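To start, the structure itself, in structure tokens.
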Amino acid sequence: MAYSVTVADLVENTHLDIFYGEEYLNRPITTSDISRPGLELTGYFNYYPSKRIQLLGITETSYAKGMDSNELFDVMKKMCLPETPAFVISTQLDPPDELIRAAKNQHIPVLGSKLTTSRVLSNMTNYLEGKLAERKSIHGVLIDVYGLGVLMTGDSGIGKSETALELVKRGHRLIADDRVEVYQQDEQTLIGQAPMILRHLLEIRGIGIIDVMNLFGAGAVRSQTKVDLIVHLENWSDDTPYDRLGNGDETRRIFDVDVQRVSIPVKTGRNLAIIIEAAAMNYRAKKMGYDATKVFDDNLNNLIKENSGNKK
């Protein structure tokens with residue numbers, strides 16, 4: 001599952017100018033890769049990635065200026081294929097007239113940017129990778145707790161949404177309730193967000209659907225966040241041996257990323273919001289190099305050594 005992206009979306013979200021083709025911005029973009037057509041300007045078309053956005057910077061436009069006009073127009077016609085989404089000219093440069101003429105024949109937009117080539121390349125790549133990445137829909141609730149993305153999972157009716165509501169009242173921020181769309185941003189990072197139809201909404205049994213942003217303000221929601229920690233809520237069972245020292249190193253693999261996972265038993269009288277806050281703070285402390293379990297083990301070993309010495 002992935003979002004579809006059009007040239008209009010790219011223009012809006014990366015702040016591009018339009019030289020030509022405003023009426024053709026509905027053309028689809030199917031890949032996040034960006035092409036720098038330097039070899040193509042020399043006439044090499046053995047491999048031309050025509051489905052990519054074509055980005056021309058100072059190097060490409062300078063080379064084009066030294067070409068014969070007819071030769072340049074022939075090259076531009078070869079580059080303007082029906083599947084080519086758009087051309088982008090960086091660094092506030094003017095597009096070659098031959099490019100505009102060739103683009104008009106195929107109704108391909110020609111766009112511009114004031115940014116340098118490397119900057120506009122980075123902006124477009126980041127945006128397209130996020131939008132075109134494969135997505136998984138996970139049943140759960142995603143909350144920003146102290147700047148950490150905490151994904152609550154568990155069976156329906158376990159209390160995920162009610163706990164999220166309590167966390168929002170305590171100053172934390174809701175990202176998604178019930179369904180969380182997750183995609184992999186890079187080798188170590190997962191990003192979670194709400195489906196458009198559920199954005200800012202929270203379902204509380206007995207009350208119904210509430211709009212968190214409307215009730216608690218814009219500071220109570222976020223559009224997306226990293227998924228740093230998974231908190232799995234499960235019904236308390238006296239027969240289940242729960243982790244009491246924090247020695248467990250449980251993870252859940254989503255795409256190619258292993259996310260730390262903690263299981264919290266749900267029982268009448270337990271304040272889940274405070275427990276999840278503590279879990280988030282403890283996770284952050286471990287990432288900063290402080291491990292309370294190791295401190296306890298060291299204290300216990302020192303006490304054993306001290307008692308052994310006294311017996312002698």
Side-chain angles (χ1 to χ4, degrees), residues 1 3 130 135-185 189-236 242 246 250-252 254 257 259-288 292:
M1 180 177 62
Y3 286 130
R135 280 168 161 72
K136 285 186 179 180
S137 182
I138 297 176
H139 176 63
V141 180
L142 184 58
I143 296 281
D144 179 318
V145 180
Y146 299 125
L148 296 174
V150 178
L151 175 61
M152 284 188 287
T153 61
D155 295 336
S156 295
I158 197 72
K160 299 184 296 295
S161 297
E162 290 81 359
T163 303
L165 179 60
E166 177 65 22
L167 286 167
V168 168
K169 288 188 65 178
R170 294 174 66 87
H172 307 292
R173 293 183 286 181
L174 173 72
I175 289 88
D177 176 50
D178 189 51
R179 306 305 304 180
V180 183
E181 288 188 351
V182 177
Y183 68 90
Q184 184 172 346
Q185 185 179 63
T189 307
L190 294 174
I191 301 295
Q193 56 188 190
M196 183 64 68
I197 192 173
L198 299 177
R199 190 161 295 176
H200 306 155
L201 302 180
L202 192 64
E203 179 193 353
I204 304 297
R205 284 175 172 82
I207 296 178
I209 296 175
I210 64 174
D211 189 323
V212 171
M213 188 171 74
N214 188 38
L215 293 182
F216 298 97
V221 296
R222 283 190 67 179
S223 60
Q224 64 180 34
T225 189
K226 290 173 56 180
V227 179
D228 297 295
L229 176 67
I230 296 174
V231 174
H232 183 71
L233 305 181
E234 57 185 52
N235 287 311
W236 184 290
Y242 298 109
E250 187 179 359
T251 61
R252 175 177 173 179
I254 303 176
V257 180
V259 184
Q260 185 172 334
R261 180 180 184 268
V262 296
S263 297
I264 296 179
V266 177
K267 186 178 182 180
T268 302
R270 301 197 88 197
N271 191 321
L272 293 179
I274 292 179
I275 293 173
I276 289 174
E277 284 180 336
M281 289 187 289
N282 190 54
Y283 171 84
R284 171 165 284 174
K286 286 184 177 180
K287 287 295 183 181
M288 296 173 66

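Predicted model only: the values in this text are computed from it and were never measured.
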Worksheet item: Can you name the side chain to side chain donor-acceptor pair (under 3.5 Å) partners of R270, sequence neighbours left out?
Response: none
Practice prompt. Hey, could you give me the OG1/CD distance between T189 and Q184, rounded to the nearest 0.5 Å?
Written response: 8.5 Å
Item to complete: Identify, with sequence neighbours excluded, every residue that meets side-chain contact (heavy atoms from CB on, under 4.5 Å) alongside S223.
Response: none
For residues 208-217, run the donor-acceptor check on the side chains, cut-off 3.5 Å, and write out each pair with its distance to 0.1 Å, sequence neighbours left out.
residue : atom : partner : partner atom : Å
D211    : OD1  : M213    : N            : 3.1
D211    : OD1  : N214    : N            : 3.1

Worksheet entry | Test item: side-chain donor near acceptor, T153 and H232, under 3.5 Å | yes
Worksheet item: Among all residues two or more places apart in sequence or in another chain, which pass the side chain to side chain donor-acceptor pair (under 3.5 Å) test with R170?
Response: E277
Fill in: Shortest non-hydrogen contact from A194 toward I175
CB-O, 3.3 Å
Discussion item. For A273 versus L167, what's the shortest heavy-atom pair and its separation?
Written reply: O-CD2, 3.6 Å
Worksheet item: Within a strict 4.5 Å, meaning less than it, do heavy atoms of the L165 and I204 side chains meet?
Response: yes
Worksheet, complete the sentence: One should read off an interatomic distance between D177 CG and M152 CE, to the nearest 0.5 angstrom, of 8.5 Å
Worksheet item: Can you list the residues that meet the side chain to side chain donor-acceptor pair (under 3.5 Å) rule with T251, with sequence neighbours excluded?
Response: none
Worksheet item: Pick one: which of I230, V182, L151 meets side chain to side chain contact (heavy atoms under 4.5 Å, CB included) with V259?
Response: I230
Practice prompt. Would you tell me whether Q193 and R135 have side-chain atoms, one donor and one acceptor, within less than 3.5 Å of each other?
Written response: yes
Discussion item. For the NE2 atom of H200 and the CZ atom of R173, what is their distance to the nearest 0.5 Å?
Written reply: 11.0 Å
Fill in: Reported CD1-to-NZ distance for the pair I254 and K136, which is rounded to 0.5 angstrom
7.0 Å
Worksheet, complete the sentence: Closest non-hydrogen atoms of P265 and W236, given as atom of the first, atom of the second and distance, are CB-CE3, 3.5 Å
Worksheet item: Listed by chain and number, what are the salt bridge (Lys or Arg N to Asp or Glu O under 4.0 Å) partners of D178, not counting sequence neighbours?
Response: none
Worksheet item: Among all residues two or more places apart in sequence or in another chain, which pass the ring pair (Phe, Tyr, Trp, His ring centres under 6.0 Å) test with H172?
Response: Y146
Worksheet item: How would you list, by chain and number, every residue that makes a side-chain contact (heavy atoms from CB on, under 4.5 Å) with D228, sequence neighbours excluded?
Response: L148, K226, Y283
Worksheet item: For S156 and R205, what are the C-alpha separation, side-chain angles and deciding distance, and is it a side chain to side chain contact (heavy atoms under 4.5 Å, CB included)?
Response: CA-CA 11 Å; S156 295; R205 284 175 172 82; 4.1 Å; yes
Practice prompt. Give a yes or no answer on whether the side chain of K160 reaches the backbone of H139 with a donor-acceptor pair at less than 3.5 Å.
Written response: no
Worksheet item: Could you go step by step and tell me if V266 and L272 meet the side chain to side chain contact (heavy atoms under 4.5 Å, CB included) rule?
Response: CA-CA 8 Å; V266 177; L272 293 179; 4.1 Å; yes
Item to complete: Work out which heavy atom in T225 is nearest to a heavy atom in G149; give both atom names and the distance.
Response: CG2-CA, 4.0 Å
Discussion item. Quick check for you: to the nearest 0.5 Å, what is the distance between R179 atom CZ and S137 atom OG?
Written reply: 3.5 Å
Fill in: Flag side-chain contact, heavy atom, 4.5 Å: R252 against I138
yes
Item to complete: Rounded to the nearest 0.5 Å, what's the gap from CD1 on I276 to CG on L233? Could you check?
Response: 5.5 Å
Worksheet item: Which pairs pass salt bridge (Lys or Arg N to Asp or Glu O under 4.0 Å) with one or both residues in residues 215-224, sequence neighbours excluded?
Response: D144-R222
Response to the item:
Closest non-hydrogen atoms of L202 and A164, given as atom of the first, atom of the second and distance, are CD1-CB, 4.2 Å
Discussion item. So which atom in L229 and which in A279 form the shortest heavy-atom distance, rounded to 0.1 Å?
Written reply: CD2-O, 3.9 Å
